[in-house]
**Q** 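One structure is given below, represented as structure tokens, and several questions about it will come after.
Proteins get letters first, then strands, A, B, ... in listed order; numbering begins at 1 in each. Keep in mind that the numbers below use all heavy atoms, side chains included, and drop hydrogens, waters and symmetry copies.
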Amino acid sequence: MPEGLEVELYRRTAVGAIGRAVARVVVDGSLAPPDFADAVTARVFTSADRVGKLLLLGTDGPTVGLHFGMTGRLVLDGTAAIERLEYGGRRDDERWDRLRIELTDGGVLRVNDPRRWARFSIDPDVVPLGPDLFDVTRAQLRAVLRRRRTTLKAVLLDQHAIAGLGNMLVDELLWHSGLDPRRIANTVTTRQVVRLHAAMAEHLPAMLERGGSHTGVLSPDVRSSRPPCPRDGRPLQVATVGGRTSVWCAYHQR
DNA sequence: GCCCTTGTTACGCC
DNA sequence: AGGCGTAACAAGGG
């Protein structure tokens with residue numbers, strides 16, 4: 001599913017639309033504001049940025065916001081940013097195109113989303129989002145955890161706290177930093193915050209290089225088949241924490 | 001054919 | 001008041 005890493009790959013694909021003009025917009029009206037198509041038509045793309053899971057396409061007019069939900073894929077000129085998306089559809093079926101931005105040079109920028117959880121916006125408000133997963137400082141991470149009395153898992157999934165982490169990335173980072181997802185956030189020690197921040201700095205870029213949030217130790221097949229913990233051979237636990245299925249090792253994550 | 005999956009929001013509770 | 005937990009949502013796939 002598109003977490004911050006996948007959306008960063010989408011952003012890199014979207015860079016290919018910079019300098020190109022929009023001829024026509026076809027959009028699923030239930031996923032965008034009423035003025036969306038008019039606001040984008042005849043604009044020229046000027047930039048491709050990202051905050052958390054939100055892709056921001058600058059134009060010579062407004063900024064276009066694309067959010068991909070759980071199964072949204074970005075396709076530019078027939079080339080998908082990610083071919084095989086975890087939990088995404090098996091095919092790139094035309095019926096699942098929720099947004100088609102046809103360019104004057106014959107190219108097309110599409111969002112293909114089987115489950116219709118993508119959302120499209122004009123000049124989206126990024127203020128409520130926390131610091132981006134790649135930019136968050138150790139001090140920011142510490143401050144965010146300090147002021148919350150809910151589970152570590154819930155805080156890290158909260159886009160207002162840190163923008164861009166999803167279920168799989170959070171489990172992966174907690175596994176690397178030896179922290180139990182059920183820990184109450186404001187009981188995490190400074191030393192543990194340092195470990196968590198170091199895990200983000202090391203593993204987020206590494207997973208991005210490998211192709212996304214499914215390339216970690218707790219990969220989707222590990223999550224389903226549940227072998228012993230690759231670190232210490234103890235059984236992995238599975239339970240709902242922070243409202244999401246969580247996988248962790250009760251031996252080395254405390 | 002039931003049930004799992006996810007990100008976000010709405011809502012009720014304490 | 002406001003933080004927290006949970007249900008609901010869509011729909012393909014196992």
Side-chain angles (χ1 to χ4, degrees), chain A residues 1-10 27-33 50-56 65-74 80 82-99 111-121 124-130 132-133 143-174 181-188 207 212-216 218-226 236 238-248:
Chain A
M1 69 293 320
E3 305 188 25
L5 301 188
E6 282 72 22
V7 180
E8 173 58 20
L9 296 173
Y10 292 178
V27 63
D28 180 332
S30 64
L31 307 181
R50 180 189 59 76
V51 179
K53 302 170 187 174
L54 180 64
L55 182 62
L56 298 165
L66 304 182
H67 194 286
F68 297 89
M70 174 179 168
T71 54
R73 277 183 290 196
L74 188 72
I82 296 176
E83 282 301 334
R84 169 84 166 77
L85 185 68
E86 292 301 326
Y87 298 109
R90 288 281 168 273
R91 326 176 287 286
D92 179 10
D93 192 315
E94 229 178 69
R95 286 177 307 152
W96 301 334
D97 278 349
R98 311 304 177 186
L99 173 63
V111 176
N112 185 264
D113 176 23
R115 299 184 203 184
R116 289 184 73 239
W117 278 14
R119 291 294 182 271
F120 315 122
S121 54
D125 185 10
V126 299
V127 172
L129 294 173
D132 185 74
L133 74 169
V144 153
L145 297 180
R146 275 221 153 165
R147 59 175 175 257
R148 301 288 297 272
R149 296 169 187 274
T150 186
T151 60
L152 192 46
K153 175 89 184 214
V155 174
L156 295 176
L157 284 176
D158 183 351
Q159 302 301 297
H160 306 291
I162 295 171
L165 296 178
N167 196 38
M168 229 178 284
L169 285 181
V170 170
D171 279 4
E172 183 75 14
L173 294 171
L174 292 176
R182 300 168 299 179
R183 277 285 293 280
I184 300 304
N186 70 353
T187 70
V188 174
M207 295 174 82
S213 49
H214 61 288
T215 62
L218 301 180
S219 61
D221 53 307
V222 166
R223 296 178 75 87
S224 52
S225 70
R226 240 175 312 143
L236 290 175
V238 179
T240 299
V241 183
R244 290 291 159 232
T245 302
S246 304
V247 178
W248 76 97

**Q** Listed by chain and number, what are the salt bridge (charged side-chain N to carboxylate O under 4.0 Å, His left out) partners of A:Arg148, not counting sequence neighbours?
**A**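 Here the qualifying residues are A:Asp158.
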**Q** Is any side-chain N or O of A:Thr245 closer than 4.0 Å to OP1 or OP2 of B:dT5?
**A**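 Yes.
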**Q** A:Gln159 CD to B:dT6 P: how many Å, rounded?
**A**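 Distance check: A:Gln159 CD to B:dT6 P gives 14 Å.
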**Q** Nearest 0.5 Å, please: how far is CG in A:Leu152 from CG in A:Leu156?
**A**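 A:Leu156 atom CG to A:Leu152 atom CG measures 4.5 Å (nearest 0.5 Å).
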**Q** CG of A:Asp158 versus P of B:dT8: gap in Å, rounded?
**A**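 The distance from CG of A:Asp158 to P of B:dT8 comes to 10 Å, rounded to the nearest Å.
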**Q** Without decimals, in angstroms, what is the distance between A:Arg147 CZ and C:dC4 P?
**A**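 A:Arg147 atom CZ is separated from C:dC4 atom P by 11 Å.
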**Q** Rounded to the Å, how far apart are A:Leu55 CG and B:dG7 P?
**A**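 Going from CG in A:Leu55 over to P in B:dG7 covers 17 Å.
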**Q** Separation of A:Leu152 atom CG from C:dG5 atom P, in whole Å?
**A**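 Rounding to the nearest Å, CG of A:Leu152 and P of C:dG5 are 13 Å apart.
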**Q** What's the angle between the local helix axes at either end of the helix from B:dC2-C:dG14 to B:dC14-C:dG2, using five pairs per end and rounding to 10 degrees?
**A**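 The angle, to the nearest 10 degrees, is 50°.
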**Q** Indicate whether OP1 or OP2 belonging to B:dT8 is found under 4.0 Å from a side-chain N or O atom of A:Lys53.
**A**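 It does, given that an N or O in the side chain of A:Lys53 lies less than 4.0 Å from OP1 or OP2 of B:dT8.
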**Q** Closer than 4.0 angstrom, basic N to acidic O: yes or no for A:Asp171 and A:Arg244?
**A**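 So A:Asp171 does not pair with A:Arg244 through a salt bridge.
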**Q** Taking atom types as modelled and ignoring hydrogens, do the side chains of A:Arg149 and A:Thr187 form a donor-acceptor contact shorter than 3.5 angstrom?
**A**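 Side-chain D/A pair, A:Arg149 to A:Thr187: absent.
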**Q** To the nearest Å, how far apart are A:Leu157 CG and C:dC4 C1'?
**A**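 These atoms are roughly 14 Å apart.
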**Q** Nearest 0.5 Å, what's the OG1-CG distance between A:Thr71 and A:Asp113?
**A**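 Going from the OG1 atom of A:Thr71 to the CG atom of A:Asp113 covers 3.5 Å.
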**Q** Between atom CE of A:Met207 and atom CD of A:Glu3, what is the distance when rounded to the nearest 0.5 Å?
**A**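 Taking CE in A:Met207 and CD in A:Glu3, the distance rounds to 8.0 Å.
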**Q** How close or far is atom P of B:dT8 from atom CG of A:Leu66, stated in whole angstroms?
**A**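 Going from CG in A:Leu66 over to P in B:dT8 covers 14 Å.
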**Q** With the criterion being N/O to N/O and under 3.5 Å, what pairs connect the protein with nucleotides 8-11 of chain C, and how long is each?
**A**
{"from": "C:dA10", "atom 1": "O4'", "to": "A:Trp117", "atom 2": "NE1", "distance (Å)": "2.9"}

**Q** Within less than 4.0 Å of OP1 or OP2 of B:dT8, is there a side-chain N or O belonging to A:His67?
**A**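 So the side chain of A:His67 is within the cut-off, an N or O lying under 4.0 Å from OP1 or OP2 of B:dT8.
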**Q** To the nearest 0.5 angstrom, please state how far the NE2 atom of A:His67 sits from the CG atom of A:Leu56.
**A**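 If I round to the nearest 0.5 Å, the distance is 11.0 Å.
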**Q** Between CG of A:Leu54 and CG of A:Leu66, what distance do you get to the nearest 0.5 Å?
**A**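 Reported to 0.5 Å precision, the distance equals 8.0 Å.
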**Q** Could you check whether A:Ser213 and A:Glu6, counting side-chain N and O atoms only, form a donor-acceptor pair closer than 3.5 Å?
**A**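 Indeed, the side chains of A:Glu6 and A:Ser213 share at least one donor-acceptor pair under 3.5 Å.
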**Q** Between atom CD in A:Glu3 and atom P in B:dT6, what is the gap in whole Å?
**A**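 Whole-Å distance recorded here is 9 Å.
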**Q** Applying a 4.0 Å non-hydrogen cut-off, can you work out what A:Gly166 is touching in the nucleic acid: base, sugar-phosphate, or nothing?
**A**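 Sugar-phosphate, backbone atoms only, no base.
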